[in-house]
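What follows is a single structure, written as structure tokens, with notes after it.
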Amino acid sequence: GLTLDIWVYHTQLADVARLASACAQTTLVLNHCGGPLGIGPYAGQRAAVLQEWQTQIQALSRHPNVVVKLGGLAMPRCGFGWHEAARPVGSEVLAGAWAPYIDHCIAAFGVQRCMFESNFPMDKTSCSYRTLWNAFKRLAQGASASEKAALFEATAARVYRL
């Protein structure tokens, strides 16, 4: 009856799929959208990383015991560089950059298996708490009331039995 929160990088998503298969009765919670990297050997490779990440996320979504936390993308390791900006970026910038990741997770897993997450204080290097949640609201603006309820509350309440 327990859940297992997992934080991995996009290069390890196939390992999570194998774990999900081996532990089909355990709910696995994939943190930070599956950790798409944008630093080190992945710097300047955003399109290639996105394509590989999308393929792995789609494969992982076939495991009904996996849910995904939507967030964690403001961390410097994602490679957006906002932590080095002279001025803080706004929620519209965050939402625009994150849309390919958030939208793909929701399309692959559905709102019943997705939940927005705060990754504070780690995200604080790139944006304020308010800006983060405003970005999430922008990303969910086209969702229905029931879909927003799932993304912002109901999925988390169900998964963590709150």
Side-chain angles (χ1 to χ4, degrees), residues 1-40 42 46 49-50 52-80 82-83 91 94-95 97-140 143 146-162:
L2 299 176
T3 60
L4 175 63
D5 274 60
I6 299 172
W7 179 28
V8 298
Y9 299 123
H10 75 275
T11 56
Q12 300 165 304
L13 290 172
D15 294 328
V16 177
R18 285 190 289 280
L19 180 62
S21 183
C23 302
Q25 300 306 310
T26 301
T27 299
L28 306 181
V29 181
L30 180 66
N31 288 292
H32 314 320
C33 293
L37 287 168
I39 60 171
Y42 304 100
R46 187 161 315 283
V49 168
L50 179 62
E52 178 186 345
W53 173 87
Q54 286 174 327
T55 299
Q56 294 298 323
I57 287 292
Q58 193 65 44
L60 188 57
S61 74
R62 294 184 192 109
H63 298 275
N65 58 321
V66 178
V67 298
V68 63
K69 285 185 177 176
L70 307 173
L73 297 171
M75 289 187 288
R77 61 185 40 99
C78 294
F80 291 105
W82 297 316
H83 64 291
S91 61
L94 299 178
W98 295 346
Y101 303 93
I102 303 297
D103 292 348
H104 185 72
C105 283
I106 294 170
F109 285 88
V111 296
Q112 300 303 320
R113 293 172 53 207
C114 289
M115 62 184 101
F116 284 116
E117 66 163 331
S118 160
N119 189 38
F120 264 71
M122 301 309 292
D123 284 343
K124 190 175 183 178
T125 62
S126 296
C127 64
S128 73
Y129 192 73
R130 176 178 287 181
T131 300
L132 174 80
W133 285 97
N134 283 339
F136 291 157
K137 289 184 225 175
R138 287 178 185 276
L139 287 159
S146 64
E147 290 169 333
K148 288 177 186 174
L151 293 168
F152 285 100
E153 176 190 4
T155 300
R158 185 186 76 255
V159 168
Y160 293 115
R161 293 179 297 285
L162 302 175

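Computed from heavy atoms alone, side chains included, the values below leave out hydrogens, waters and symmetry copies. What you see is a predicted model, and the numbers here were worked out from it, not measured in a lab.
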Legend entry - Non-hydrogen atoms of A150 and V111 that approach each other most closely: CB-O, 3.6 Å

Legend entry - From L28 atom CG to L4 atom CG, the distance as rounded to the nearest 0.5 Å: 5.5 Å

Legend entry - Separation between OH of Y9 and CZ of R77, rounded to the nearest 0.5 Å: 4.0 Å

Legend entry - Shortest non-hydrogen separation from A99 to L139 and the atoms involved: CA-CD2, 3.6 Å

Inset, instruction - Could you tell me which non-hydrogen atom of R138 sits nearest to which non-hydrogen atom of S91, and how far apart they are? - result: NE-OG, 2.7 Å

Legend entry - Min side-chain heavy-atom separation M75-D123 under 4.5 Å: yes

Legend entry - Min side-chain heavy-atom separation W53-R46 under 4.5 Å: no

Legend entry - Pairwise side-chain contact, L37 with V49, heavy-atom cut-off 4.5 Å (strictly under): no

Inset, instruction - With rounding to the nearest 0.5 Å, note down the distance linking SG in C33 to NE2 in H10. - result: 13.5 Å

Inset, instruction - Check the pair F116 / K69 against side-chain contact (heavy atoms from CB on, under 4.5 Å), numbers first and verdict last. - result: CA-CA 6 Å; F116 284 116; K69 285 185 177 176; over 6 Å; no

Inset, instruction - Return the minimal non-hydrogen interatomic distance between C127 and F120, and the atom names on each side. - result: O-CZ, 3.2 Å

Return all side-chain donor-acceptor pairs below 3.5 angstrom for residues 16-27, not counting sequence neighbours, or 'none' if the list is empty.
residue: R18; atom: NH2; partner: D15; partner atom: OD1; Å: 2.2

Legend entry - Gap between atom CG of L73 and atom CG of L94 - 0.5 Å precision: 9.5 Å

Legend entry - L70 CG to M115 CE distance, which is reported to the nearest 0.5 Å: 8.5 Å

Legend entry - Close side-chain approach of I106 and L151, heavy atoms under 4.5 Å: yes

Legend entry - Distance in Å, W98 CH2 paired with C105 SG, rounded so as to fall on 0.5 Å steps: 13.0 Å

Legend entry - Side-chain touch P76/T125, heavy atoms, less than 4.5 angstrom: yes

Legend entry - Taking every non-hydrogen atom, the tightest pair across H32 and P36: O-CD, 4.0 Å

Inset, instruction - Please indicate whether R161 has more than 12 foreign heavy atoms, meaning atoms of other residues, nucleotides or ligands, lying under 6.0 Å from its CZ. - result: yes

Inset, instruction - Verify side-chain contact (heavy atoms from CB on, under 4.5 Å) between Q54 and Y101, making sure each step is shown before the conclusion. - result: CA-CA 8 Å; Q54 286 174 327; Y101 303 93; over 6 Å; no

Legend entry - Pair I57-L30, side-chain contact (heavy atoms from CB on, under 4.5 Å): steps then yes or no: CA-CA 10 Å; I57 287 292; L30 180 66; 3.9 Å; yes

Legend entry - Exceeds 12 heavy-atom contacts within 6.0 angstrom, atom CD of Q58: yes

Inset, instruction - Could you please spell out the steps behind the side-chain contact (heavy atoms from CB on, under 4.5 Å) verdict for K137 and K148? - result: CA-CA 9 Å; K137 289 184 225 175; K148 288 177 186 174; over 6 Å; no

Legend entry - Residue pair T3 / Y160: nearest heavy atoms and the distance that separates them: OG1-CE2, 3.8 Å

Inset, instruction - Compute the centroid of each ring, for F136 and then for W133, and state whether the two points are separated by less than 6.0 Å. - result: yes

